[in-house]
**Q** 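Sharing a structure below in structure tokens format, with a few things to ask.
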Amino acid sequence: MQARFEIRSVSRRRPSRVRRAGVAVACAGVLAGGLAAPAAADTASDDGRNFDRASAKGRDHAATRAVLEAIVRDGTPGVVARVDDRNGHWNGSAGVADTDNRRPRLPVDRYRIASITKTFTATVLLQLEAEGRLSLDDPVEKWLPGVVQGNGNDGRRITVAQLLNHTSRIFNYNKDEGFLARFTGEAFLENRFTGVSRDELVAIGMSHAPVQNEWEYSDTNYALAGMVIERVTRSTYAEQIRIRLIEPLGLWGTNLPGASPYLPRPHGRHYSILQNWDPGAPVHDVTEFNPMVAGASGEMISTLRDVNHFFGELLAGRLLPPAQQQKMFAGHVLSDKETYGLGIRSWRLSCGVTVWGHGGMLPGSLSRTVGTADGSHVLSLNRNADWGDEALEERVVETEFCGRG
């Protein structure tokens, strides 16, 4: 039965600058050790009543919260953030989770983390390498014979590592005109519950010649990475993420929904302008849709606490042995301030601090998670809209890690 949904128009401010993107878009310690014990569940104070409460030793996050308020003034219905550091944790929000009942956003709300999923997928492959079950230097053809071929694509010349760091030159299915015609703009409303198989997504990538750039962000890479996981383990990539990361780390607010269009409760609504950049464009409620258009590159649902805990453990070197940790963070240089490793990205901030993490975008949800290289200070934020000034997210990061906006 097709899911029932409602399209609602919501008033919004004209954004000062918007990001133009498709359906699934983005955006170190080397200590040995096994998986960390599950983190303690958030206390009753984390049920939504502790926004703006200082962390254990009284660190002031007022400046960070001020930028969250600026994001709402820019037009986003609601934004929520969490910081975990040596002092404890802090939650902050601005705006609303639902424009009808005006319910505030809560720290425990589930949301679509989009391309932050890539860090989970890459971590599983690195763990498999540490177990001797594959090498990241293996050609893709070894694990997926005959899959990467045609139009100049050759899986014999592309390694698994090149999938993870986006140097494979494989075309991003999210940029295909036929795909965009089905899943962006008003067409999204007609096709939001239509499943797209992973084989179809990969075939779209293979229908194009390799890109010319040495580094090119491509969700097709992670569709293939998920297939490699499944060929090596003879189970699904979702199952491997569950048994290797979700359960050992106690990420009880995290799941991979597959073809299910629903978010577990509690959650806020997700709002989209469907890539209509006219200042008066209507805003639609797109909370429910089939996330198979993202798959291993971006289907996950999680919470602020869970994402922070995962990245804290990863950055601290508690999920990978030293050799794989070093590989993950050996970034491909994108600019004098940015690198992209294996499913993780670095940014050098204005104060000289380098943070590692990932961003993500799906209809109605923009997210970012970053942390220091030792995992001692991690920030996640999510806005329940897919428009707005990206520089404001950067201001949140600068304010939190550099102490200034």
Side-chain angles (χ1 to χ4, degrees), residues 21-27 112-122 124-125 140-141 143-155 158 160 162-185 187-188 190-211 213 216-233 235-241 256-261 275 286 289-301 343 358 360-363 365 386:
V23 171
V25 184
C27 344
R112 300 188 189 277
I113 69 171
S115 285
I116 296 173
T117 303
K118 289 179 172 67
T119 313
F120 288 78
T121 300
V124 169
L125 276 166
V140 175
E141 178 72 13
W143 298 106
L144 305 176
V147 173
V148 179
Q149 63 178 5
N151 296 303
N153 297 289
D154 188 349
I158 299 170
V160 176
Q162 287 178 302
L163 298 179
L164 299 183
N165 68 9
H166 296 297
T167 60
S168 70
R169 302 194 179 189
I170 293 173
F171 183 84
N172 186 355
Y173 65 77
N174 258 303
K175 294 184 177 181
D176 176 78
E177 290 185 3
F179 180 88
L180 293 173
R182 292 170 63 189
F183 294 107
T184 59
F188 173 82
E190 300 175 8
N191 297 305
R192 64 194 292 180
F193 298 114
T194 302
V196 182
S197 73
R198 183 174 54 199
D199 289 346
E200 182 180 355
L201 297 176
V202 171
I204 292 172
M206 295 303 104
S207 70
H208 294 265
V211 299
N213 297 332
E216 183 84 10
Y217 191 88
S218 174
D219 287 318
T220 313
N221 285 326
Y222 276 77
L224 291 163
M227 294 172 71
V228 171
I229 290 172
E230 296 183 357
R231 186 61 60 91
V232 172
T233 65
S235 67
T236 66
Y237 73 85
E239 176 71 2
Q240 290 298 309
I241 290 176
L256 291 93
S260 172
Q275 294 80 42
V286 295
F289 69 90
N290 186 331
M292 288 304 292
V293 292
S297 71
E299 73 166 281
M300 291 181 72
I301 294 167
H358 214 288
M361 175 180 178
L362 278 172
S365 181
D386 54 17

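Values reported hereafter were calculated over all heavy atoms of this structure, with side chains retained and with hydrogens, waters and symmetry mates removed. In this chain, residues are counted from 1 in sequence order.
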**Q** Decide yes or no on side-chain contact (heavy atoms from CB on, under 4.5 Å) for L256 and Y237, but give the supporting numbers first.
**A** CA-CA 10 Å; L256 291 93; Y237 73 85; 3.7 Å; yes
**Q** Does K175 form a salt bridge (Lys or Arg N to Asp or Glu O under 4.0 Å) with E216? I'd like the steps, not just the answer.
**A** CA-CA 12 Å; K175 294 184 177 181; E216 183 84 10; 2.9 Å; yes
**Q** Does a side-chain heavy-atom distance below 4.5 Å link N153 with F171?
**A** no
**Q** Determine whether the side chains of D176 and H208 contain a donor N or O and an acceptor N or O closer than 3.5 Å.
**A** yes
**Q** Between R198 and E230, does any side-chain N to carboxylate O distance fall below 4.0 Å?
**A** yes
**Q** Could you tell me the separation between the OG1 atom of T121 and the CD1 atom of I116, rounded to the nearest 0.5 Å?
**A** 12.5 Å
**Q** Identify the two heavy atoms, one from I301 and one from P257, that lie closest to each other, and give their separation to 0.1 Å.
**A** CD1-CG, 3.9 Å
**Q** Could you tell me if the side chain of L201 sits less than 4.5 Å from the side chain of T220, heavy atoms only?
**A** no
**Q** Do you know which two heavy atoms are closest between A181 and A187, and how far apart they sit?
**A** O-CB, 3.0 Å
**Q** Is the closest side-chain heavy-atom distance between M292 and S197 below 4.5 Å?
**A** no
**Q** Side chains of M227 and D199, heavy atoms from C-beta outward: is any pair under 4.5 Å?
**A** yes
**Q** Compare all side-chain heavy atoms of R182 with those of V196 and state whether any distance is below 4.5 angstrom.
**A** yes
**Q** Would you say the side chains of T167 and N165 form a donor-acceptor pair under 3.5 Å?
**A** yes
**Q** Do side-chain atoms of S115 reach the backbone of G298 as a donor and acceptor pair under 3.5 angstrom?
**A** no
**Q** Restricting to non-hydrogen atoms, name the atom on N151 and the atom on M206 that form the minimum distance, rounded to 0.1 Å.
**A** ND2-O, 2.8 Å
**Q** Do F179 and T184 come close enough that some side-chain heavy atom pair is under 4.5 Å?
**A** no
**Q** Measure the spacing between CG of L362 and CD1 of I113 and express it to the nearest 0.5 Å.
**A** 9.5 Å
**Q** I would like to know whether R192 and V286 meet side-chain contact (heavy atoms from CB on, under 4.5 Å); could you show each step before the answer?
**A** CA-CA 8 Å; R192 64 194 292 180; V286 295; 4.1 Å; yes
**Q** Has R112 got its NZ or CZ under 6.0 Å from the middle of the six-membered ring of F289, at an angle within 45 degrees of the ring axis?
**A** yes
**Q** Counting distance only, does the side-chain N/O of N172 pair as donor-acceptor with the main-chain N or O of D219 below 3.5 Å?
**A** yes
**Q** Are the charged groups of K118 and E299 less than 4.0 angstrom apart, N to O?
**A** no
**Q** Walk me through whether F183 and F188 qualify under ring pair (Phe, Tyr, Trp, His ring centres under 6.0 Å).
**A** CA-CA 4 Å; F183 294 107; F188 173 82; 7.5 Å; no
**Q** For I170, is there any backbone N or O sitting under 3.5 Å from a side-chain donor or acceptor partner on S218?
**A** yes
**Q** Are T117 and Y222 close enough that a side-chain donor and a side-chain acceptor fall under 3.5 Å?
**A** no
**Q** Verify, without hydrogens or angle tests, whether D386 (side chain) and P363 (backbone) share a donor-acceptor contact under 3.5 angstrom.
**A** no
**Q** Is there a donor-acceptor contact under 3.5 Å from the side chain of S297 to the main chain of A294?
**A** yes
**Q** So how far is it from R169 CZ to D154 CG, rounded to the nearest 0.5 Å?
**A** 13.5 Å
**Q** Evaluate the side-chain contact (heavy atoms from CB on, under 4.5 Å) criterion for residues L164 and N221: first the C-alpha distance (whole Å), next the side-chain angles of each, then the deciding distance (0.1 Å), finally the verdict.
**A** CA-CA 7 Å; L164 299 183; N221 285 326; over 6 Å; no
**Q** Taking side chain as C-beta onward, heavy atoms only, is N290 less than 4.5 Å from T194?
**A** no
**Q** Any sub-3.5 Å donor-acceptor pair from R231's side-chain atoms to W143's backbone N or O?
**A** yes
**Q** Begin with the C-alpha distance, continue with both residues' side-chain angles, and end with the deciding distance and a verdict on side-chain contact (heavy atoms from CB on, under 4.5 Å) for V202 and Y173.
**A** CA-CA 7 Å; V202 171; Y173 65 77; over 6 Å; no
**Q** Side chains of L224 and V148: does their closest heavy-atom pair fall under 4.5 Å?
**A** yes
**Q** Any idea which heavy atoms bring G343 and A122 closest together, and the distance?
**A** CA-CB, 4.0 Å
**Q** Measure across S260 and P291 and return the closest heavy-atom pair with its distance rounded to 0.1 Å.
**A** O-CD, 3.3 Å
**Q** Give a yes or no on whether the backbone of L163 and the side-chain of S168 come within a donor-acceptor separation of less than 3.5 Å.
**A** no
**Q** For a quick test of reading the model, state the closest non-hydrogen atom pair linking P210 to G152 and the distance between them.
**A** CG-O, 3.6 Å
